[in-house]
There are 4 protein chains.
Amino acid sequence: MPKETFFNLPAGKRERIIEAALDEFSTYSFHKARITAIEDRAGIAKGSFYQYFEDKKDLYKYLMELLVEKKLSYINRDMMVNKEKYGFFQLLREVYLSGIRFAKENSRLVPIWMMLVTDRDLLQEIYGEHRDKSADFFKELLEFGKAKGELAPDLDVSLTATMLQSLTFSLIDLIIEDGKLDMDDMVIIDKMLDFVENGIKKRAQG
Amino acid sequence: MPKETFFNLPAGKRERIIEAALDEFSTYSFHKARITAIEDRAGIAKGSFYQYFEDKKDLYKYLMELLVEKKLSYINRDMMVNKEKYGFFQLLREVYLSGIRFAKENSRLVPIWMMLVTDRDLLQEIYGEHRDKSADFFKELLEFGKAKGELAPDLDVSLTATMLQSLTFSLIDLIIEDGKLDMDDMVIIDKMLDFVENGIKKRAQG
Amino acid sequence: MPKETFFNLPAGKRERIIEAALDEFSTYSFHKARITAIEDRAGIAKGSFYQYFEDKKDLYKYLMELLVEKKLSYINRDMMVNKEKYGFFQLLREVYLSGIRFAKENSRLVPIWMMLVTDRDLLQEIYGEHRDKSADFFKELLEFGKAKGELAPDLDVSLTATMLQSLTFSLIDLIIEDGKLDMDDMVIIDKMLDFVENGIKKRAQG
Amino acid sequence: MPKETFFNLPAGKRERIIEAALDEFSTYSFHKARITAIEDRAGIAKGSFYQYFEDKKDLYKYLMELLVEKKLSYINRDMMVNKEKYGFFQLLREVYLSGIRFAKENSRLVPIWMMLVTDRDLLQEIYGEHRDKSADFFKELLEFGKAKGELAPDLDVSLTATMLQSLTFSLIDLIIEDGKLDMDDMVIIDKMLDFVENGIKKRAQG
DNA sequence: GATGAATGAGGTTTCATTCAT
DNA sequence: AATGAATGAAACCTCATTCAT
């Protein structure tokens, strides 16, 4: 956690520091990223960083907290709370949509987070034991879908959750690597949902 | 590329070095990984590493080459060459199976490769311009499936390729993180294929 | 060029570093000279050197700049600007005198510079293409002497410049290797000038 | 001194080694020069060098011995032994001529030797206490010239010897840096001798 | 709190030299 | 004697972090 002094900083400066940190960490892995570069880009003096943060890891953790916080803020709270009013696939659509909105507006957070997730040692250092909350979220959603009767009752929830999550990642990655697919975001989502709903096997009726 | 001296080494020693490198790079990100640690674990003297490799990057590249080479060796060449004899989903099944076999027997290569893929700067350093051959592979396979009439003719090949690839990653990850799911590999694959074929929507007939 | 931080240093410390560098480089050739030794002698911490200089070469270049700057400061500017008031040999005498004054007060710079000049590879590394300004200086002076009618009109300017320059080196070397000749500096200079003026052939009149 | 094994080597191989050494040491200063590079260029195996020489310094010393030996071989022995038959300036001319011949045919030895002479620490390491035999040579020659009555009786022998020596260096340097002066070697020598004989002052009679 | 110099652990890399075959 | 891998000292350099002002 940042020191108190960080939160006492004028908002502009605080933001400049965060921006600089995002720039650095989204470009370089944790160990290659340099505090000095962050200080330079933020326009603060050489050791000033340590007025605000315990150390490199402290800043990194904070960035990850921002990520979670931001991520949540993009989900339509109302829909999630009043699940019953919606169908499973409607909800899933909203989840993907929010994921996209988030990624588009916080594109630098995504690579940071991806590097973290694939770096076991770092993950350990940052979180101690890691608990994948995102998978839990999908599990819950799937249970709900089952209960509603929209999904096959014998569907394996754990595995499917993993797969849905994985698809989310690839969705976000597609969106960020702007131009990889020249397709409108909505179209992408709809095609992906169709894939999830119906698979890719050709059916008799089309 | 390793220096000639590396290939002149007795197989045992060469393997010890590679083993040590795999250990180190699968545990730590490229920049945190230490040559010294590799030397120690391989039981060779302080600067000896440089007898065999140009530098850290050189070793890393070599590991990635091994990965590609190994990966390919796990695919049933026969099936891929005589595609026509098989159905699309049979082929996909084989691809997933080979992915799993590979991952089980080379579990340390996977995290190394994942860290690389998520670290843009490193990717750039290692490969210059990166060309995702894996996605191409799936595209080709999908085109084949379309031609065979097993897939919907209006299926978006690029997007679907991305999704299939993404599912492969998560499959491999599941397998490696042994115990995350207590399910037999075959069962996992079959469920995943079912997901791909039919999606998760409940149908009238089942 | 040293970094800004170097010039921000208290004069005393800055001088200690330069002194240490002069000690090291005047004793050892560029590649044998050790940064660590300089740090030790200057009483600064292990990597501190790099706060002030880019690298070894950077420091070395700076020393060479100091040399040029110092060297120039020893010449009687007035005499050189108002050449016309003086005879050629008076001017040459002044040049030699200034050379001696410089060498006596900066005796450690001379060997550094000599090592540089004789080390083609280093010279290349330090200066890229090297332009011998010192020879140009003598050429100009000789042209002046010719114009004044003090020198033979068919004198070869380029060659003579080279020879005068060479004699300067040996003069400086003599002075520095104190005691090699037990003669007063003035006497040395006068004898050398006599050599330059009249050669060593015995003449009819003496 | 090289080991016996070196002299037992077939002449061709011995020469290849010396050639390679000359290449390396004439390009790089003692400490930058690499044994490995010499081995490579000579086409001998990695540690083979140590079959023939004690160490780097041993080879270097040997090269310097070759230099002296070669140098002497270029002087017209006959003239030096029967000095009386010749005039001082004739002898000096021969000295310069031999210097040039030597330098032209052994151009790589010159920079090696120059670097050595300007590197006090190395000189010390190589020779312990250094005795400048070359200056002695000129002193002797000058004494001879005085005795013959060709030089002014009050000429300072030590200083003049130093100057003559210095001019030799610059002469050799000029010759080696081929093209610096586009003048025939003979012309250079004659002009230089004229300089030594008569200085550069314009005389009444021309 | 801000500044920027100071510190030193620690990593990479080079290469002369040794050693086993 | 020849080969070429092995060794390890030692150098350069980076940078997170501390400290004095």
Side-chain angles (χ1 to χ4, degrees), chain A residues 3-6 8-10 13 31-40 43-59, chain B residues 3-10 13-14 31-39 43-59, chain C residues 3-10 13 31-39 43-58, chain D residues 3-6 8-10 13 31-40 43-59:
Chain A
K3 299 179 181 174
E4 248 193 75
T5 53
F6 180 67
N8 295 337
L9 243 33
K13 189 168 193 174
H31 280 95
K32 186 160 189 205
R34 288 166 321 125
I35 297 294
T36 302
I38 295 174
E39 286 167 335
D40 287 353
I44 65 177
K46 183 65 205 301
S48 284
F49 174 85
Y50 293 88
Q51 299 271 332
Y52 315 129
F53 296 90
E54 221 54 73
D55 53 21
K56 210 199 226 191
K57 219 150 71 183
D58 189 29
L59 164 61
Chain B
K3 299 181 183 172
E4 244 192 79
T5 53
F6 180 67
F7 296 109
N8 296 338
L9 245 33
K13 188 167 193 176
R14 214 162 54 221
H31 284 97
K32 184 159 190 205
R34 289 167 317 126
I35 299 291
T36 303
I38 294 174
E39 286 168 335
I44 63 177
K46 188 70 203 301
S48 284
F49 173 85
Y50 294 90
Q51 291 265 322
Y52 315 128
F53 296 92
E54 220 57 72
D55 52 22
K56 213 200 235 190
K57 220 150 73 180
D58 189 30
L59 164 60
Chain C
K3 298 181 184 174
E4 246 193 79
T5 52
F6 180 67
F7 297 108
N8 296 339
L9 243 34
K13 188 168 194 173
H31 284 97
K32 185 160 190 205
R34 290 166 318 126
I35 299 292
T36 302
I38 294 174
E39 286 168 336
I44 63 178
K46 187 70 200 306
S48 284
F49 174 84
Y50 295 90
Q51 291 266 320
Y52 315 129
F53 295 92
E54 221 56 73
D55 53 20
K56 214 203 235 191
K57 220 149 74 180
D58 190 30
Chain D
K3 298 180 182 173
E4 247 194 75
T5 53
F6 180 66
N8 296 337
L9 243 36
K13 189 167 191 175
H31 281 94
K32 185 159 190 206
R34 288 165 321 126
I35 295 295
T36 301
I38 294 173
E39 286 167 336
D40 287 353
I44 64 177
K46 184 64 204 304
S48 285
F49 174 86
Y50 293 88
Q51 299 271 333
Y52 315 129
F53 295 91
E54 221 54 71
D55 54 20
K56 210 201 230 191
K57 219 150 71 182
D58 190 30
L59 164 61

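Within every chain, numbering begins at 1; the chains are lettered A, B, ... in the order of the sequence lines, protein sequences first and strands thereafter. Remember, it's a predicted structure, so these values are computed and weren't measured experimentally.
Straight-line distance from the CD atom of Glu39(A) to the P atom of dT3(E): 11 Å, rounded to whole Å. For Lys56(C) and dT14(E), the NZ to C1' distance is 12 Å, given to the nearest whole Å. In this structure, the CG atom of Asp40(A) is 11 Å from the P atom of dG4(E), given to the nearest Å. Going from atom NE2 of His31(D) over to atom C1' of dT14(E) covers 14 Å, rounded to whole Å. For the pair Ile35(D) CD1 and dA16(E) P, the computed distance is 6 Å after rounding to whole Å.
Residue contacts shown for Tyr52(A) are limited to sugar-phosphate atoms, with no base heavy atom under 4.0 Å away. Residue contacts shown for Lys57(A) are absent, as no nucleic acid heavy atom lies under 4.0 Å away. Heavy atoms of Lys32(D) sit nowhere under 4.0 angstrom from any nucleic acid atom. At a threshold of 4.0 angstrom between heavy atoms, the contacts of Asn8(A) with the nucleic acid are absent. Leu9(B) comes within contact range of the sugar-phosphate backbone alone, with a heavy-atom separation under 4.0 Å but no base atom that close.
Looking at which nucleotide of DNA chain E each of Ser48(D) and Gly43(C) is closest to, the 5′-most match is held by Gly43(C). Each of Thr36(C) and Pro10(B) was matched to the nucleotide of DNA chain F holding its nearest heavy atom; the match closer to the 5' end belongs to Pro10(B). Each of Thr5(B) and Gly47(B) lies near DNA chain F, and the nucleotide nearest Thr5(B) is the one positioned closer to the 5' end. When each of Gln51(A) and Ala33(B) is assigned the nucleotide of DNA chain E with its nearest heavy atom, Gln51(A) is the one assigned upstream, toward the 5' end.
Counting only heavy atoms from C-beta outward, the side chains of Leu59(D) and Phe49(D) approach each other to under 4.5 Å. Side-chain contact between Asp40(A) and Arg34(A) is absent, with no heavy atoms from C-beta onward closer than 4.5 Å. Lys3(A) places none of its side-chain heavy atoms less than 4.5 Å from the side chain of Gln51(A). Under the 4.5 Å side-chain criterion, counting only non-hydrogen atoms from C-beta, Ile44(C) is in contact with Tyr52(C).
Residue Thr36(B) comes nearest to Lys46(B) through the heavy atom pair OG1-CE, 4.0 Å, listed as atom of the first residue, atom of the second, then distance. Taking both residues in full, the closest heavy atoms of Lys13(A) and Leu9(A) are given as CD-CG, 3.9 Å, listed atom of the first, atom of the second, then distance. Of all the heavy atoms in His31(A) and Lys32(B), the pair that sits closest is CE1-CD, 2.9 Å.
For DNA chain F, the span of nucleotides reached by chain B at under 4.0 Å from its heavy atoms goes, 5' to 3', from dA5(F) to dA10(F).
Between Lys46(C) and the phosphate of dT7(E), there is no side-chain N or O to OP1/OP2 separation shorter than 4.0 Å.
Between the CD1 atom in Ile35(D) and the CG atom in Asp55(D) there is a gap of 8.0 Å [rounded to 0.5 Å]. Atoms NZ and CD1, on Lys56(A) and Ile38(A) in that order, are 8.0 Å from each other to the nearest 0.5 Å.
Pairs of Watson-Crick or G-U wobble type, with distances under 3.5 Å, assemble into runs of 3 or more in DNA chain F at these ranges: E:2-21 with F:2-21.
The nucleotide whose nearest atom lies closest to any side-chain atom of Tyr50(B) is, among dT13(E), dA2(E), dT7(E), dT13(E).
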